[in-house]
Amino acid sequence: MSEPNSPSRFNEEKATYAVRGADAPDLEAGVAAIRNVLKTLPARPGVYRMQDARGDVLYVGKARALRNRVTNYTQVARLSKRLQRMVAQTRSMTIVTTNNEAEALLLEAQLIKRFRPPYNVLLRDDKSFPFILLRADHAFPRVQLHRGARRFKGDYFGPFAGAGQVRKTLNALQKLFLLRSCTDGFFNTRDRPCLLYQIRRCSAPCVGRIDDAGYAELVADAKDFLLGKSTKVQAKLGAAMTEAAERMDYELAAVFRDRLKALTFIQGSQAINAEGVGDADVFAMACKEGQYGVQAFFIRGGQNWGHRAFFPAHTADVPEEEVLAAFLMQFYEEVPPPRNVLVDRLLGEAELFATALSARAGFKVSLSVPQRGDRRRLMEQARRNAEEALDRRLAESTTQAKLLRDIAELFELPEPPDRIEVYDNSHIQGTNALGAMIVAGPEGFRKNQYRKFNIKRAETVPGDDFAMMREVLSRRFARAQEEDPDRQGDTWPDLVLIDGGRGQLNAVKAVLEDLGIEDVCLVGVAKGPHHGREGREVFHLMDGRELILPVNSPVLFYLQRLRDEAHRFAIGAHRQKRAKAIGASPLDEVPGIGPARKKALLMHFGTARAVKAASLEDLQKAPGVSAAVAQQVYDFYHAR
């Protein structure tokens, strides 16, 4: 069954219309392309995509009546300069019809997220939101942090503003409800309680220290708490503590006392008073110097689950109301909406947004501007936070802009770099080798554009840093030449930093020369003569010069931060690869053997080596292994 807002749900009637001819932006050609589409365009709800001569999406829009909406783009004199530039670049359109305007609104947000067009307001946020997951696929449910698709059966509580907020809440939940957090594999192999039981953060269901009914009661209490029924949980714990004290079971009473303290800690850590608000997301927007900041508070069950500031991109010459509306629909493309969405200003299509969000959520969602009481005070706090966050952002961007100007002067770039790429390698004596690329720009680190490169070419000698760097850079720029040979996109770097000295720089320089690329600035960042002293880095330039910056230079601090971020990312990726290699099994190489059959074979024979040495008759006796699978495993190891 498809998701409520997936494209398969819509009545799609797609058609692409194109005008062949001039590639250069030309207003007359753009209007001609749009008029050509209008000849067959229906007066129905739907979504349209404007595309340039290469087929790249410039803009995604929705309409109640497609013909009427698209006609507006042919009336050039009434368009803003921004939209005139878009029309001038338009050479084709793709049309998708929907059953109603609410469906068009949902599909528009989905396509904007997929294509990230340059003329749409974009929600620039690289991280998915974390949730607390109380899994229901085990007799003793596990509580854990969760990101991404909801592929596990269970209850999801969130969103939380960040992983730190989730971990703090999880720690308190463990103290309060003693729920297990270990994996099923760890749980199944225990024969005595682990340390978490000793420090009173788990009830040790793995070794029978609590029965099914007792654990189920803890799970129910945890759900009540996460749903905002903390008063009920508090009263229950208080009564249990009193009862234990009256029986003079002071040790048990102390356990309940500690759990009450954990509950008090969670309640006391709510920096925002959201009592009586229920389930709601609160959004307030600030605007200054042509930039926008949106502050979001996440309230669930009257509890504050954190707040986050967002800074939408591509907002120049866009009305405030349109910025907030575009932000909301893209935000809820990623996050399930609550029953109440509170905003600080009226939206022209508030009813349509509420209808679309209700369809997305599966229950009625209201969109409103608070006028009085707790909700009004909460909105004022959100507005204050939005203004302060935007002020900090503007101050940081001013500093960042100066740093980039100084870098351009230092490395003799024609203009401040918009995209800086930094490369590093990581391996242990040549094993699990990989290269890493991080990306930074005027707005900071672009983590959604980080890349890992598994070292896989036969000619790359394990542990040879020069060869590894050659492989990484050749693959990176060969792909760039293939995907964007004219450099019209934003994927070509203005500055490339290499973690290494003259040798690594020369290796990379030779790679780019072989590819015919001679206009990318390369700089090697190496430790100075005193390796243990921070600030003595030597910057190797392509013309052979070496630079050492003053130890208190802001540019040096910034370049060090870039280098350190690349180092952090490379080491983290290497650790993940190493951990995966450690957990790998020789049975993974057998074609057609999935996790269930692999587990059955290992449970029956004990080790992968025993499976390899087993006879065909022994393999056929393993539970859950058919004769055909047994033959397949036997042939894989012996028919060579």
Side-chain angles (χ1 to χ4, degrees), residues 23-24 52-56 404 407-408 410-427 430 433-441 445-526 538-547 559 562-563 565-567 569-570 573-574:
D23 291 330
D52 63 13
R54 299 174 53 201
D56 293 336
L404 294 177
I407 286 173
L410 177 68
F411 296 134
E412 299 176 3
L413 301 175
E415 57 186 16
D418 183 66
R419 181 184 175 98
I420 302 174
E421 293 182 358
V422 190
Y423 293 86
D424 191 13
N425 295 327
S426 186
H427 62 90
L434 58 77
M437 175 190 83
I438 70 153
V439 181
F445 293 117
R446 301 175 183 173
K447 295 193 176 183
N448 62 334
Q449 298 182 34
Y450 287 13
R451 294 292 181 267
K452 295 178 287 188
F453 298 83
N454 288 316
I455 303 302
K456 55 188 179 183
R457 290 182 178 173
E459 64 269 23
T460 304
V461 179
D464 185 341
D465 283 338
F466 297 166
M468 289 172 61
M469 199 63 78
R470 278 195 295 269
E471 176 176 339
V472 169
L473 272 293
S474 64
R475 286 164 55 187
R476 158 71 180 105
F477 282 94
R479 182 171 181 176
Q481 284 184 319
E482 179 183 347
E483 295 181 348
D484 188 12
D486 299 327
R487 306 193 189 186
Q488 294 183 358
D490 60 353
T491 59
W492 279 82
D494 304 302
L495 173 64
V496 172
L497 300 178
I498 305 297
D499 185 36
R502 176 62 56 189
Q504 283 89 344
L505 182 66
N506 288 337
V508 172
K509 185 178 178 182
V511 166
L512 297 192
E513 288 175 352
D514 289 343
L515 293 171
I517 301 171
E518 299 179 352
D519 57 347
V520 173
C521 180
L522 301 173
V523 176
V525 185
V538 178
F539 297 91
H540 297 271
L541 307 187
M542 296 172 66
D543 58 6
R545 288 180 296 153
E546 296 180 358
L547 301 177
L559 294 173
L562 294 181
R563 188 268 320 275
E565 172 67 4
H567 195 51
F569 181 63
H574 173 72

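On a predicted model such as this, the values are computed, not experimentally measured, just so you know.
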Pairwise distance [atom1]([X]) to [atom2]([Y]) - rounded to 0.5 angstrom:
| X | Y | atom1 | atom2 | value |
| --- | --- | --- | --- | --- |
| Leu495 | Leu559 | CG | CG | 8.0 Å |
| Tyr423 | Arg451 | OH | CZ | 10.5 Å |
| Leu434 | Lys452 | CG | NZ | 8.0 Å |
| His540 | Leu505 | NE2 | CG | 8.0 Å |

Item checked: Heavy-atom side-chain proximity of Asp465 to Gln504 below 4.5 angstrom -> yes

Item checked: Within-4.5 Å side-chain heavy-atom neighbours: Arg476 and Pro493 -> yes

Checklist line | side-chain hydrogen bond (donor to acceptor under 3.5 Å, both in side chains) partners of Arg419, counting only residues at least two apart | finding: Glu421, Gln449

Checklist line | Contacts of type side-chain hydrogen bond (donor to acceptor under 3.5 Å, both in side chains), residue Glu471, not counting sequence neighbours | finding: Thr460, Arg475

For the student: nearest non-hydrogen atoms of [X] and [Y], plus distance:
| X | Y | result |
| --- | --- | --- |
| Ala440 | Phe445 | CB-CD2, 4.0 Å |
| Gly441 | Leu404 | C-CD1, 4.4 Å |
| Val508 | Met469 | CG2-CG, 3.4 Å |
| Ser426 | Ala570 | CB-O, 3.6 Å |
| Gly501 | Ala526 | CA-CB, 3.7 Å |
| Asp418 | Arg446 | O-NH2, 2.8 Å |

Check: So, the side chain of Arg502 versus the backbone of Gly544: is there a donor-acceptor pair under 3.5 Å, distance only?
Finding: yes

Side-chain donor-acceptor pairs of residues 510-524 under 3.5 Å, sequence neighbours excluded:
| from | atom 1 | to | atom 2 | distance (Å) |
| --- | --- | --- | --- | --- |
| Asp519 | OD1 | Arg487 | NH1 | 3.1 |
| Asp519 | OD1 | Arg487 | NH2 | 3.0 |
| Asp519 | OD2 | Arg487 | NH1 | 2.9 |

Check: Can Leu497 and Leu562 be said to form a side chain to side chain contact (heavy atoms under 4.5 Å, CB included), step by step?
Finding: CA-CA 9 Å; Leu497 300 178; Leu562 294 181; 3.9 Å; yes

Margin query: What I want to find out is whether Asp52 reaches Arg54 closely enough, with some N-O distance under 4.0 Å, to be called a salt bridge.
Written below: no

Checklist line | The single option from Ile498, Asn425, Asp424, Asn454 passing side chain to side chain contact (heavy atoms under 4.5 Å, CB included) against Val472 | finding: Asn425

Checklist line | Residues in salt bridge (Lys or Arg N to Asp or Glu O under 4.0 Å) contact with Arg479, at least two apart in sequence or another chain | finding: Glu483

Check: Among all residues two or more places apart in sequence or in another chain, which pass the ring-ring contact (aromatic ring centres under 6.0 Å, His included) test with Phe569?
Finding: Tyr450

Item checked: Contacts of Asp490 that satisfy side chain to side chain contact (heavy atoms under 4.5 Å, CB included) - sequence neighbours left out -> none

